[in-house]
Amino acid sequence: MTDDLAPFDFELPRDHIATEPARPRDSATLLHVRPSLPPDPHVIRDLPDFLREGDLLIANNTAVIRAQLAATRGEAKIGLTLDRILADGSWHALARNSRKLKPQDILHFGDDPVTATVVENEGDGAVSIRFSVEGDDFDAFLERVGALALPPYIERPFGPTKQDDADYRTIFSQYRGAVAAPTAGLHFTPEVLAALDAKGIQRRTLTLHVGAGTFLPVRSTIAEHKMHAEWGEIDAETAAAINETRARGGRIVAVGTTSLRLLESAAREDGTVAPWRGETSIFIKPGYRFKAVDVLMTNFHLPRSTLFMLVCAFSGTETMREAYAYAIANGLRFYSYGDACLLERAP
């Protein structure tokens with residue numbers, strides 16, 4: 001592909017950005033998108049109608065942490081957004097006012113007894129830090145002093161609300177570690193899951209802890225853009241289900257780009273996967289050959305973002321530009337709390 005960003009750019013009126021989810025969640029629009037066919041609007045609760053008995057639906061079971069922290073080093077105020085935990089137990093974070101930080105600096109969080117020590121200042125606003133507590137004590141610390149790191153396009157002048165605590169959590173949430181929610185999963189309700197089960201659609205989960213850099217637009221060039229690493233795991237049960245589904249001709253349906261990125265990271269050339277655990281920084285853009293995923297359910301993404309490039313790779317750039325033009329013209333709601341689309345893969 002070329003390095004031209006123009007095909008991945010579009011104008012989005014600000015009033016199309018959802019600031020809260022549809023209520024009930026399964027009443028949001030689901031736009032069925034197929035190459036060479038016009039976009040077809042439905043609602044989330046219609047999802048089982050477009051899947052087949054024997055298909056395997058895979059969702060991300062990560063749970064969002066309160067990743068936004070206000071710290072001080074002496075008189076200096078340091079804003080932190082936790083990005084991901086590292087193998088040695090320290091945390092990679094994005095920091096505001098990070099130029100003031102150097103190794104061994106101690107960060108304080110108001111009157112809380114927990115502190116953090118700077119391990120490394122990586123430059124460009126990235127740091128690694130080690131907290132004075134781990135495990136359950138660390139989780140309790142985040143609950144006391146942290147805030148949800150809502151995307152900047154969800155305007156909360158006074159910070160995230162109690163309602164956001166409930167809204168920004170998927171029905172699949174199980175393992176804490178994500179900074180941002182895997183937003184396609186926000187649409188699912190017990191009723192939708194029951195309807196999928198009744199039709200014979202299999203369900204499994206994987207874990208990808210979504211990092212702070214996932215939704216960033218490409219600010220330089222496509223070739224120069226560096227993806228932030230994210231930690232994920234596909235367990236033996238899910239890997240076996242994927243391979244069994246593929247062997248009998250069923251389709252793999254990814255709920256969200258996070259699920260898709262981990263599946264494609266783990267996939268062999270024939271589309272099968274083995275149990276997988278580690279970090280991925282896969283960058284999927286037009287020209288990529290998909291190995292594992294046949295159908296993708298996802299929200300509407302930012303212009304010039306790697307996620308819009310991913311969906312263009314999946315269903316075709318012209319197909320996605322037409323789908324987004326339809327969504328804008330018909331008042332569909334964009335981004336994390338917005339509507340969704342169900343994408344069929346281009347041949």
Side-chain angles (χ1 to χ4, degrees), residues 21 25-26 28 30 44 47 51 55-65 67 82-85 148-151 166-190 192-193 196 201-215 227-239 241-242 245 251-267 273 275-284 290 292-301 305-307 310-311 314 335-338 340-343:
R25 293 189 183 202
D26 58 11
L30 180 68
I44 297 294
L47 174 65
L51 304 183
D55 283 348
L56 175 63
L57 184 136
I58 301 180
N60 189 354
N61 60 20
T62 189
V64 175
I65 61 173
L82 301 183
D83 182 33
R84 67 187 189 278
I85 193 168
L148 287 176
L150 288 179
D167 288 342
Y168 205 57
R169 178 183 176 86
T170 77
I171 197 171
F172 307 105
S173 294
Q174 190 173 0
Y175 300 110
R176 293 164 55 87
V179 174
T183 53
L186 295 176
H187 298 289
F188 285 80
T189 61
V192 170
L193 296 184
L196 290 166
I201 295 154
Q202 305 298 306
R203 293 191 285 114
R204 292 291 185 276
T205 57
L206 49 70
T207 306
L208 184 74
H209 291 322
V210 191
T214 291
F215 306 110
M227 296 288 287
H228 289 239
E230 295 166 316
W231 186 91
E233 180 174 16
I234 299 173
D235 63 22
E237 181 184 59
T238 296
I242 291 167
T245 300
R251 299 180 301 172
I252 306 301
V253 182
V255 178
T257 57
T258 62
S259 298
L260 180 145
R261 291 178 64 245
L262 187 57
L263 289 167
E264 292 295 325
S265 297
V273 301
W276 196 95
R277 179 187 179 97
E279 288 191 341
T280 178
S281 55
I282 189 172
F283 184 1
I284 295 175
F290 289 87
V293 177
D294 303 296
V295 180
L296 171 64
M297 179 180 169
T298 185
N299 284 24
F300 291 95
H301 302 295
S305 66
T306 61
L307 300 183
L310 184 155
V311 297
F314 194 80
Y335 305 163
S336 295
Y337 279 157
C341 45
L342 186 70
L343 308 182

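- Counting all heavy atoms, side chain and backbone alike, Val64 lies closest to Val179 at CG1-O, 3.6 Å.
- The side-chain contact (heavy atoms from CB on, under 4.5 Å) with Ile58 is formed by just one residue from the set Thr205, Val293, Leu263; it is Leu263.
- At least one side-chain heavy atom of Trp231 sits less than 4.5 Å from a side-chain heavy atom of Thr207.
- Checking side-chain atoms of Glu230 against main-chain N and O of Gly211 turns up a donor-acceptor pair under 3.5 Å.
- Of all non-hydrogen atoms in Arg169 and Ser173, the two that sit nearest each other are CG-OG, 3.5 Å.
- With Asp55 as the partner, the side chain to side chain donor-acceptor pair (under 3.5 Å) test is satisfied by one option alone out of Arg203, Arg251, Gln202: Arg251.
- Shown here for Arg84 and Ala229, the closest heavy-atom pair between the two residues is CD-O, 3.1 Å.
- Between Leu150 and Tyr337, the closest side-chain pair of non-hydrogen atoms falls below 4.5 Å.
- Taking both residues in full, the closest heavy atoms of Met297 and Ala340 are given as CE-CB, 4.3 Å, listed atom of the first, atom of the second, then distance.
- Judged by distance alone, the side chain of Asn299 and the main-chain N or O of Ser336 form a donor-acceptor pair under 3.5 Å.
- Side-chain atoms of Ser259 and Leu208, non-hydrogen and from C-beta on, never get closer than 4.5 Å to each other.
- Using modelled atom types, one side-chain atom of Asp294 and one backbone atom of Ile252 make a donor-acceptor pair closer than 3.5 Å.
- Side chains of Leu296 and Leu310 form a contact here, defined as non-hydrogen atoms less than 4.5 Å apart.
- Here the side chain of Arg25 pairs a donor or acceptor atom with the backbone of Leu186 at under 3.5 angstrom.
- Under a 3.5 Å cut-off, the side chain of Glu264 and the backbone N or O of Ala292 do form a donor-acceptor pair.
- Two residues are said to be in side-chain contact when any heavy atoms from C-beta on lie closer than 4.5 Å; Trp276 and Leu262 meet this criterion.
- Of all the heavy atoms in Thr170 and Asn60, the pair that sits closest is OG1-O, 4.3 Å.
- Across all non-hydrogen atoms, the minimal contact from Thr258 to Pro182 is OG1-CB, 3.7 Å.
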